[in-house]
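The first residue in the sequence is number 1, and the count goes up from there.
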Amino acid sequence: MHLPKTINLAVAGLALSGGMLLAGCSYEFEDIYRELPFSMEKIARPQIPDAEVLLTDFGAVGDGVALNTEAFRRAVDSLSAIGGGHLVVPEGIWLTGPVTLKDNIDLHVTPDAVIRFSPDRSLYPIVETVFEGLDTRRCISPVNAVGAKNISITGGGTIDGMGDAWRQVKKSKMAPSQWKRLLSSGGFTDAKGEIWYPDSSSFRGSQVSDAFNVPQGMETDADWESVKTYLRPVMVSLRECENVLLEDVLFQNSPCWNIHPLMCRNVIINNITVRNPWYSQNGDGLDIDSCEGVLVLNSSFDVGDDAICIKSGKDEDGRRRARPCRNLIVDNCTVFHGHGGFVVGSEMSGGVENVSVSNCRFLGTDVGLRFKSCRGRGGVVRNIHIRDITMMDIPTEPLLFDLHYGGKSAVEAAAEGVSASFDIEMVPADETTPEFRDIYISDIVCSGAARAMYFNGIPEKNISNIVVEDCLVVSDKGADIRYADGVVLRNIDIRQKSGAGYTIANCRNVKIEGCRDIAGTDAAGGGELGQVSLFQYRSRNVTVD
């Protein structure tokens with residue numbers, strides 16, 4: 001078999017790009033491990049052999065028109081045959097179908113290169129996978145790997161998933177001119193004219209799916225094929241991979257979630273940009289799912305759903321898999337639009353533990369720190385440490401615990417209103433009861449929010465041992481804490497426009513220490529900054545110092 005020429009790279013070449021350190025030098029991410037509140041192994045970069053091939057060596061044409069699926073396949077296979085190396089994608093627009101990565105391969109997308117994935121459905125077979133925490137089927141992902149070791153995507157270029165060709169769109173998320181243009185492009189709407197679908201396959205899938213986008217009653221391959229467009233793939237799917245690097249690349253316009261590491265170990269995500277249109281349905285940025293040992297550093301997100309999201313499977317499938325997501329560090333990231341800046345859940349049935357989030361900015365996200373689940377999930381979220389977060393223009397809460405999540409964004413849920421009653425019927429706790437505990441949050445500044453914070457727990461297993469300290473929040477309303485046990489609020493400054501600064505309902509063992517708010521406010525925002533204004537309902541052992 002003829003193989004293209006391989007090149008032994010110099011020390012300054014691709015093998016050392018993006019900060020690979022020479023032997024004897026200190027660990028490059030040493031600073032983020034200092035004072036880490038849990039034990040975590042240092043994550044090393046994948047080791048990629050010093051060989052490279054050019055995509056053009058395999059007949060690829062970068063004109064944005066020619067289909068290069070076969071060229072990518074041959075290039076990956078050629079590198080795999082010699083033990084791995086760097087697949088260099090040069091300047092151009094490279095239209096292709098799915099690209100499958102194999103052991104010891106770096107997909108090196110150079111700065112002026114764009115990999116653009118064809119919207120031709122026939123290129124994406126339906127495969128067994130996991131989506132939204134459930135074992136199911138979806139179309140194969142544009143970039144995918146299963147069980148691969150030592151893989152990376154680097155180089156400074158762009159990967160574009162052509163997601164607009166796949167996604168349904170809600171009218172409420174579009175300007176009138178955009179909606180009109182969308183209708184004129186083809187497809188059709190539902191009976192109410194509120195949701196646009198690209199084709200009948202997408203529409204049929206919506207009719208047979210549950211609230212979490214998984215089709216029900218699919219018994220044959222023909223059944224699945226009949227809803228193929230609805231089975232929008234995540235753009236980058238890395239499943240059960242080890243030693244992964246994503247660095248210096250723009251990932252944008254995904255059909256569904258953008259980047260989904262699932263059951264992976266030792267993952268570094270550094271200096272990437274993730275973008276999706278703000279109207280993109282299920283347009284998450286990064287979903288880290290049942291992974292162990294992950295660094296997310298120096299990256300930015302501007303997406304249509306949750307931005308940086310931690311998951312571990314859903315309901316019975318997640319509990320049976322029993323793969324927690326643990327040992328994660330998120331540092332120096334910026335989120336613009338998104339349903340949540342940093343999010344845990346709602347798929348957390350396998351558990352989440354040992355997470356550090358620091359030095360991040362959430363600039364206009366629907367929620368800042370979003371913890372969500374519901375009865376039926378099970379799983380324990382614990383030992384989460386969050387500090388030094390700056391937020392502005394948050395339309396709901398900078399800090400939200402919601403144990404009643406029903407599939408809607410926080411903005412949509414807020415628009416429906418909260419029940420006037422603080423009381424929730426208790427049900428027996430069992431393995432399906434979710435639990436959030438041992439979470440420590442400090443040094444938060446938020447300028448502009450609807451409510452300072454909202455803890456919406458459940459009576460059978462309260463949100464417990466949550467410590468929030470050294471925070472300043474300017475908001476319309478104060479903090480609202482329900483069904484929580486062992487909450488400590490220390491040195492919190494709430495500048496609310498109206499109502500009590502702190503509402504405590506059906507809680508136990510709450511300490512409010514060194515806090516203040518705007519006491520005696522009226523609708524005009526008048527009042528005096530100082531003493532705590534507190535409203536209590538059916539709570540025990542609430543102390544204010």
| said: Between D160 and R275, does any NZ, NE, NH1 or NH2 come within less than 4.0 Å of an OD or OE carboxylate oxygen? | reply: no

| message | Checking E128 now: which residues fulfil salt bridge (Lys or Arg N to Asp or Glu O under 4.0 Å) with it, not counting sequence neighbours? | response | R137

| message | Show every salt bridge (charged side-chain N to carboxylate O under 4.0 Å, His left out) that has at least one partner inside residues 86-104, sequence neighbours left out. | response | D77-K102

| query | Taking only residues two or more places apart in sequence, or in another chain, which ones meet R167 in a salt bridge (Lys or Arg N to Asp or Glu O under 4.0 Å)? | reply | D164

| message | Which residues pass the side-chain hydrogen bond (donor to acceptor under 3.5 Å, both in side chains) test with E70, not counting sequence neighbours? | response | R73

| task | List for me each residue that meets salt bridge (Lys or Arg N to Asp or Glu O under 4.0 Å) alongside E292, sequence neighbours excluded, and say none if there are none. | result | R265, R326

| field | ring-ring contact (aromatic ring centres under 6.0 Å, His included) against F371, all qualifying residues, sequence neighbours excluded | value | F401

| Pairing residues for W257 by the ring-ring contact (aromatic ring centres under 6.0 Å, His included) criterion, not counting sequence neighbours | F131, H260

| request: Give a yes-or-no answer on whether the side chains of R121 and T229 include a donor-acceptor pair shorter than 3.5 Å. | output: yes

| field | Pairs satisfying ring pair (Phe, Tyr, Trp, His ring centres under 6.0 Å), at least one member in residues 333-370, at least two apart | value | W278-H337

| task | Determine which pairs satisfy salt bridge (charged side-chain N to carboxylate O under 4.0 Å, His left out) with at least one residue from residues 339-350, sequence neighbours left out, and list them in order. | result | K311-E347

| remark: Contacts of S122 meeting side chain to side chain contact (heavy atoms under 4.5 Å, CB included) (sequence neighbours excluded), chain-then-number -> D120

| message | Y197: which residues meet the ring-ring contact (aromatic ring centres under 6.0 Å, His included) condition with it, sequence neighbours left out? | response | F203

| message | Using the salt bridge (Lys or Arg N to Asp or Glu O under 4.0 Å) criterion, which residues pair with R204? Sequence neighbours excluded. | response | none

| query | Take atom CZ in R239; do more than 12 heavy atoms of anything else shown fall under 6.0 Å from it? | reply | yes

| request: Go through the steps to decide whether T96 and N68 satisfy the test side-chain hydrogen bond (donor to acceptor under 3.5 Å, both in side chains), and finish with yes or no. | output: CA-CA 5 Å; T96 183; N68 296 293; over 6 Å; no

